[in-house]
Protein chains: 2
Amino acid sequence: MDYKIKSRIWIENKDNVLLGEGRVTLLKAIEETGSLSKAAKSLNLSYKKAWHLMDSVNKSAKKPVTINSIGGKGGGGTTLTDYGKSLITAFDTINKNCWEFLDHQLKQFKDL
Amino acid sequence: MDYKIKSRIWIENKDNVLLGEGRVTLLKAIEETGSLSKAAKSLNLSYKKAWHLMDSVNKSAKKPVTINSIGGKGGGGTTLTDYGKSLITAFDTINKNCWEFLDHQLKQFKDL
DNA sequence: TTGTGTTATATCCCAAAAGATATAACGCAA
DNA sequence: TTGCGTTATATCTTTTGGGATATAACACAA
């Protein structure tokens, strides 16, 4: 018996996607690097894609998730708001709980 | 508070996908129509795509999921094995349980 | 004033996914 | 023997998503 069960969860706000796995890992990388471009590099994804993701996140969130600054010392940067950080932890717990729940449910495939 | 949580689950067997939502709805349509081509039409998807899906399902399953016949009265057809039917119900219950579980978990987003 | 490293955005190009089309094999019925 | 409606494939075309590239705006530091 070696069937595996996998899942993807995401949060929507009036049919715009707010959070998914990719967006959350991007948020974490931003938190670590303090910059969208550095976060993109560290995750091996194009700046364009990262920017579009964050644009979508910020548009569908009810409060600002990041603070973006252009120019200045270091050229600018992107940091998370407290709201953004709380989104990460909320998503992570739900996701982890979901995995555990599904692993438990998988027993229904035991005899198949 | 109108965030919605959505999910997709699927079952894999040694990194081949066995079942997902699309595959299960296809199996159901086959059960109803008795034919892969009719099932594809009823779901508005090309025969090619439907055939590839079923090919992948049967290759990654441990027992046959469908019985396919070519030629004969009506030209042939595809019917589900008992194993195939049990896969559907197992997947559906897990999926439904997952939705309920996640709706419950969504409360973690209540104050955000 | 110039250089630097960001954010922000548009445009072009390619590859991969999906769709459309064509064709063979098959077995029953007429 | 012919026609029919399937399953089973191959091939060609179209569409779409993503990557690469280019450029502007910005604000601080030197």
Side-chain angles (χ1 to χ4, degrees), chain A residues 8 10 12 15-17 20-61 63-81 83-85, chain B residues 8 10 12 15-17 20-61 63-81 83-85:
Chain A
R8 278 285 163 117
W10 65 97
E12 290 187 0
D15 59 63
N16 290 319
V17 175
E21 256 180 47
R23 290 160 194 243
V24 166
T25 61
L26 178 58
L27 284 179
K28 288 175 183 171
I30 289 175
E31 192 176 20
E32 287 171 7
T33 60
S35 140
L36 181 55
S37 68
K38 284 177 189 162
K41 263 178 205 138
S42 80
L43 295 178
N44 245 29
L45 91 173
S46 67
Y47 177 82
K48 170 190 170 186
K49 182 167 184 178
W51 184 83
H52 279 297
L53 280 174
M54 283 314 305
D55 188 48
S56 165
V57 167
N58 277 312
K59 274 178 182 162
S60 49
K63 305 180 194 174
V65 175
T66 60
I67 298 174
N68 316 316
S69 66
I70 312 179
K73 177 174 163 184
T78 302
T79 57
L80 296 191
T81 62
Y83 180 63
K85 293 176 186 172
Chain B
R8 279 283 164 117
W10 65 97
E12 290 187 0
D15 60 62
N16 291 320
V17 174
E21 256 181 46
R23 290 161 194 242
V24 166
T25 61
L26 179 58
L27 285 179
K28 288 176 183 171
I30 290 176
E31 192 176 21
E32 286 171 6
T33 60
S35 141
L36 180 55
S37 69
K38 284 176 188 162
K41 263 178 205 139
S42 80
L43 294 178
N44 247 28
L45 90 172
S46 68
Y47 177 82
K48 171 190 168 186
K49 182 167 183 180
W51 184 84
H52 279 298
L53 280 175
M54 283 314 305
D55 188 48
S56 164
V57 167
N58 278 311
K59 274 177 180 160
S60 50
K63 305 179 191 175
V65 175
T66 59
I67 298 173
N68 315 317
S69 66
I70 311 179
K73 177 174 164 184
T78 301
T79 58
L80 295 191
T81 62
Y83 181 64
K85 293 175 187 173

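We name chains A, B, ... by the order of the sequence lines, and we start the count at 1 in each one.
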With 3.5 Å as the limit, what N/O pairs link the protein to nucleotides 22-26 of chain D?
unit_1, atom_1, unit_2, atom_2, d
dC26(D), O2, G71(A), N, 3.2

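Residues L36(A) and M54(A) meet the side-chain proximity criterion, which asks for heavy atoms closer than 4.5 Å.
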For this session: Check the pair W10(A) / R8(B) against side chain to side chain contact (heavy atoms under 4.5 Å, CB included), numbers first and verdict last.
Result: CA-CA 9 Å; W10(A) 65 97; R8(B) 279 283 164 117; 3.8 Å; yes

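For dT6(D), the OP1/OP2 oxygens have no side-chain nitrogen or oxygen of N68(B) closer than 4.0 Å. In this structure, S69(A) does not reach the dT7(C) phosphate: none of its side-chain N or O atoms is under 4.0 Å from OP1 or OP2.
Side chain of S35(A) to backbone of G77(A): no donor-acceptor contact under 3.5 angstrom is found. Between the side chain of S69(A) and the backbone N or O of G76(A) there is no donor-acceptor pair closer than 3.5 Å.
The line from OG1 of T78(A) to CD1 of I30(A) is 6.0 Å long, rounded to the nearest 0.5 Å. A distance of 4.5 Å separates OG1 of T79(B) from CD1 of I67(B), quoted to the nearest 0.5 Å.
DNA chain C is contacted by S35(A), L36(A), S37(A), K38(A) of residues 28-39 of chain A, taking any non-hydrogen atom closer than 4.0 Å.
Going from atom CH2 of W51(B) over to atom C1' of dG5(D) covers 18 Å, rounded to whole Å. Distance, N58(A) CG to dT7(C) P: 13 Å, rounded to whole Å. Per the geometry, CG belonging to L43(A) stands 16 Å off C1' belonging to dG19(D), to the nearest Å. The CD1 atom of I67(B) sits 12 Å away from the P atom of dA8(D) (whole-angstrom rounding). In this structure, CG of D55(B) is placed 13 Å from P of dT7(D), rounded to the nearest angstrom. Atoms NE2 (H52(B)) and C1' (dA17(C)) sit 11 Å apart, rounded to a whole Å. Distance K73(A) NZ to dT7(C) C1': 18 Å, rounded to the nearest Å.
The list of side-chain hydrogen bond (donor to acceptor under 3.5 Å, both in side chains) pairs with a residue in residues 24-33 of chain B, not counting sequence neighbours, reads K28(B)-D92(B). Counting only residues at least two apart or on different chains, the side-chain hydrogen bond (donor to acceptor under 3.5 Å, both in side chains) pairs with a member in residues 47-58 of chain A are R23(A)-S56(A), D55(A)-K59(A), N58(A)-T66(A).
Remark: I70(B) pairs with no residue by the side chain to side chain contact (heavy atoms under 4.5 Å, CB included) rule, at least two apart or across chains.
Nucleotides of DNA chain C nearest to N44(B) and G74(B) differ in position, and the one nearer the 5' end is that of N44(B).
Residues L43(B) and A29(B) come closest through the heavy atom pair CD1-CB, 3.9 Å. When all heavy atoms of A50(B) and L26(B) are compared, the closest pair comes out as O-CD2, 3.7 Å.
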For this session: Can you check each nucleotide of nucleotides 10-18 of chain D against protein heavy atoms at under 4.0 Å and return B for base, S for sugar-phosphate only, - for none, in 5' to 3' order?
Result: -B------B

